[in-house]
Amino acid sequence: MSKNKKKQNTVQQLLGIKTFSKFGLKTAKGELAYFVISPTNISVLSYTNISLKIWHLMQVLSAQPDIEITCLDSCERFDNNMQFLKSRLADETNDKVVEIINQDMNYLDNIQVEMSTARQFMFSVRFRKEKDEQMFNTLNRVEKAIAEQGFEIKRLNKADIKRFLAIYYGASMQGELIPDIDGADAFNI
């Protein structure tokens, strides 16, 4: 690929995203519709209940074998902040500042632990050439099948998908606020 060709690629093209659609995202490989599944805190469940949850998930996957699954943190990571504080701690000679840096590190550790359970599980259904009515019926069937297995499920709308993409690609925690067209806010359209 020539240098000129590389410069002409947009971020959307590099990611394979064409546009938002009625049900999700149009991509180079079809249309994707997304669901978010609310996580269950398994640390408070018995072994039997955990086994039951696993069995329910297996039922969903066997009934809907084409579902794609993504798991991501629904929160920010503080790795860069911790690295910075550790380097400052190594260089610091003032005892008061060392104490404050240690407090900051403990604070970040606590936040990270609290937020570590903030996971999001995304199920996506890929469509190749189906018509809107077929897609609508399939999505309703998938949503019902997942809900019947005891999972809290929500179909993602455009704002939800933008937030998911922003978290996934590490751009922002408020992805739903990212404009559809970069720079459009600079023009009076």
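Nothing here was measured: the structure is a model prediction, and the numbers come from that model.
- With hydrogens and angles ignored, the 3.5 Å screen pairs a side-chain donor or acceptor of R128 with a backbone N or O of K29.
- A heavy-atom distance below 4.5 Å is found between the side chains of V60 and F123.
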Dump the intermediate steps for side-chain contact (heavy atoms from CB on, under 4.5 Å) on R155 and D160, then the final yes or no. CA-CA 9 Å; R155 195 177 311 174; D160 296 328; over 6 Å; no
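- Rounded to the nearest 0.5 Å, atoms CZ (F35) and NZ (K154) are 12.0 Å apart.
- By the 4.5 Å heavy-atom criterion applied to side chains, M135 and V125 are not counted as neighbours.
- In terms of modelled atom types and a separation under 3.5 Å, the side chain of N140 and the main chain of N137 share no donor-acceptor contact.
- For the atom pair CZ of R88 and CD1 of I100, the computed distance is 10.0 Å after rounding to the nearest 0.5 Å.
- Considering CD1 of I101 and CD of E92, their distance stands at 5.0 Å, rounded to 0.5 Å.
- In this structure the side chain of L52 reaches within 4.5 angstrom of the side chain of H56, judged on heavy atoms.
- Considering CD1 of I67 and CD1 of I37, their distance stands at 8.0 Å, rounded to 0.5 Å.
- Contact annotation: the side chain of V98 approaches that of L89 to within less than 4.5 Å [non-hydrogen atoms, C-beta and beyond].
- A side chain to side chain donor-acceptor pair (under 3.5 Å) with S21 is found for one member of K26, K158, E31 and no other, namely E31.
- Nearest heavy-atom pair across G24 and I161 is CA-CD1, 3.6 Å.
- Relative to the six-membered ring of F151, K53 meets both conditions, a distance below 6.0 Å and an angle of at most 45° to the axis.
- In this structure the side chain of L139 reaches within 4.5 angstrom of the side chain of F127, judged on heavy atoms.
- Considering CG of L32 and CD1 of I17, their distance stands at 9.0 Å, rounded to 0.5 Å.
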Carefully, step by step, assess E148 and Q59 under the rule side-chain contact (heavy atoms from CB on, under 4.5 Å). CA-CA 10 Å; E148 285 176 346; Q59 293 300 330; over 6 Å; no
Stepwise, does the side-chain contact (heavy atoms from CB on, under 4.5 Å) test hold for T138 with E130? CA-CA 10 Å; T138 299; E130 291 82 354; 5.9 Å; no
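- Using a 4.5 Å cut-off on side-chain heavy atoms (C-beta onward), K162 and F20 make contact.
- Nearest heavy atom pair, residue A145 against residue Q64, reads CB-NE2, 3.9 Å.
- Contact check for Y34 versus L25: side-chain heavy atoms found under the 4.5 Å cut-off.
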Given side-chain contact (heavy atoms from CB on, under 4.5 Å), test M58 with W55 step by step and report yes or no. CA-CA 5 Å; M58 287 178 6; W55 188 81; 4.2 Å; yes
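- More than 12 heavy-atom neighbours from other residues, nucleotides or ligands sit within 6.0 angstrom of CD on Q103.
- Taking CD of E99 as the start and CG of D104 as the end, the distance is 11.0 Å to the nearest 0.5 Å.
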